[in-house]
Amino acid sequence: MPTSTSPQTGSILRQPLAVWAVAFASVIAFMGIGLVDPILPAIAKSLKASPTETSLLFTSYLVVTGLAMLITSWISSRIGAKKTLLIGLALIVVFAALAGVAGSVEGVIGFRAGWGLGNALFISTALSTIVGAASGGSGAAITLYEAALGLGIAVGPLLGGTLGTISWRGPFFGTAVLMAVGFIAIVTLLREDKTVVRTPTKLSAPFTAMKVPGIRYLAGIALFYNIGFFVLLAYTPYPLGLDEMGLGYTFFAWGLSVAFTSVFVAPMLTKRMKRTSALKLALTILALDLIAGGIVIDSQAGLIACIVVGGLMLGIVNTVLTESVMEASDLPRSVASSSYSAVRFLGGAFAPPGAAALAAAISPSAPMYAGAASVLVAVLIAFLGRTALRRVDAAHEESPLAEAEAITVGESL
């Protein structure tokens, strides 16, 4: 039986200041994912690096983020959510600033890895903090978190493009400043309940979580889906051939697409169909979109259209996967999220350099076709895991009235 019993009614906008502080910092944290997109060509030119080398800015960031996710619940269960959030933010401030002063592409890659550590500590703790502090139930909390994710992903490329017109170093310094503001907001507004007795999480908990079939299948879906995700995000700036602002506007539109479907379209779909059905549908369309991107790789307008359509599908998949992980087991949410997120981020880590290598060895279209094939593997895993994922769909079937009420106010994700 699903463990979530929180009411799904209430307004997403009526939240304590502490929730808004964490949500604001979450927006900035998620900006880091797409921030470097518009400046990848500029970094390559300024630091005399190849596309494969600059793509490692994503890899170092995501590898460390994924691996660190395995220990974040162990840390936060011992020192508390607020301290974990602040340590994460402080690390991002320091390493974003260091990336801005780096004199080589290797230096930027290394500092992005440190940034990834801070990001893992912050992101994995932010969701559970928002869920715990938000009014309106877990549905409202997850909606707010996904809205922050979408907004951050949208604004990141635009900020990167705007500051990148001054210098490729600008986006890194801008992120450091904004994260410092987020740090101050959480110090000031977030109050931990000192009456709550913390139960330390075992270091092995995220690994043990993989024994749960539902978590294991969802992690597998996320692994292969994220390869397609980061082919679209990290590879397409090169064949597009746009300047910093052109790339910024393109991926701003992409990010808005992610935000729109994650907050509005995904709830509508899960009201009308099972979560696993919504996943299969969105993943299949994403695979077709990547194939179309490979076909029109030499057309700037065609590729931009594929990027935006891809964003629409990414928003649906992100939200449905997040909701599914929350419902897949009786494990504490922080443990389930850490285990799943570790595999998810590691999947995306190897896509950027792999895409660059495929483009150089075969053709500019090859990475798009490879991304499509990977997403289709995710669809296959969803079919193979239908028995293990029954619980994810049962949560949808058991309370249609509550679900319908939640959808009415746009809060059930």
task: Report the residue from L242, L247, D243, L240 that forms a side chain to side chain contact (heavy atoms under 4.5 Å, CB included) with P41.
output: L247

- prompt: Is the closest side-chain heavy-atom distance between V93 and F183 below 4.5 Å?
  reply: no

- prompt: Do C306 and V296 have side-chain heavy atoms sitting under 4.5 Å apart?
  reply: yes

query: What is the ring orientation for F264 with F260, classed by angle as parallel under 30°, tilted 30 to 60°, or perpendicular over 60°?
result: tilted

field: CA sep, side-chain torsions, deciding dist, call: V265, L312, side chain to side chain contact (heavy atoms under 4.5 Å, CB included)
entry: CA-CA 9 Å; V265 179; L312 294 172; over 6 Å; no

- prompt: Quick one: are F224 and V375 in side-chain contact, heavy atoms under 4.5 Å?
  reply: no

- prompt: Angle class for the W115/F172 ring planes (parallel below 30°, perpendicular above 60°, tilted otherwise)?
  reply: perpendicular

field: Pair L178-L159, side chain to side chain contact (heavy atoms under 4.5 Å, CB included): steps then yes or no
entry: CA-CA 11 Å; L178 288 172; L159 177 67; 4.0 Å; yes

- prompt: Testing L121, L86, N119 for side chain to side chain contact (heavy atoms under 4.5 Å, CB included) with L91, which one passes?
  reply: L121

task: Check whether any side-chain heavy atom of N318 lies under 4.5 Å from a side-chain heavy atom of S262, and answer yes or no.
output: no

message: Any non-hydrogen side-chain atom of F345 less than 4.5 Å from a side-chain atom of M69?
response: yes

message: I'd like to know if the side chain of D393 pairs up with that of T276 as donor and acceptor (distance under 3.5 Å, no hydrogens or angles considered).
response: yes

query: What pairs with Y238 under side chain to side chain donor-acceptor pair (under 3.5 Å), at least two apart in sequence or on another chain?
result: T54

field: Qualifying residues under side chain to side chain donor-acceptor pair (under 3.5 Å), relative to D289, sequence neighbours excluded
entry: none

Side chain to side chain donor-acceptor pair (under 3.5 Å) partners of T52, counting only residues at least two apart: none

task: Starting from the C-alpha separation in whole Å, work towards a yes-or-no answer on side chain to side chain contact (heavy atoms under 4.5 Å, CB included) for W254 and L232.
output: CA-CA 10 Å; W254 170 81; L232 195 70; 3.8 Å; yes

message: Tell me whether R275 is salt-bridged to E323, with the criterion being a basic N under 4.0 Å from an acidic carboxylate O.
response: yes

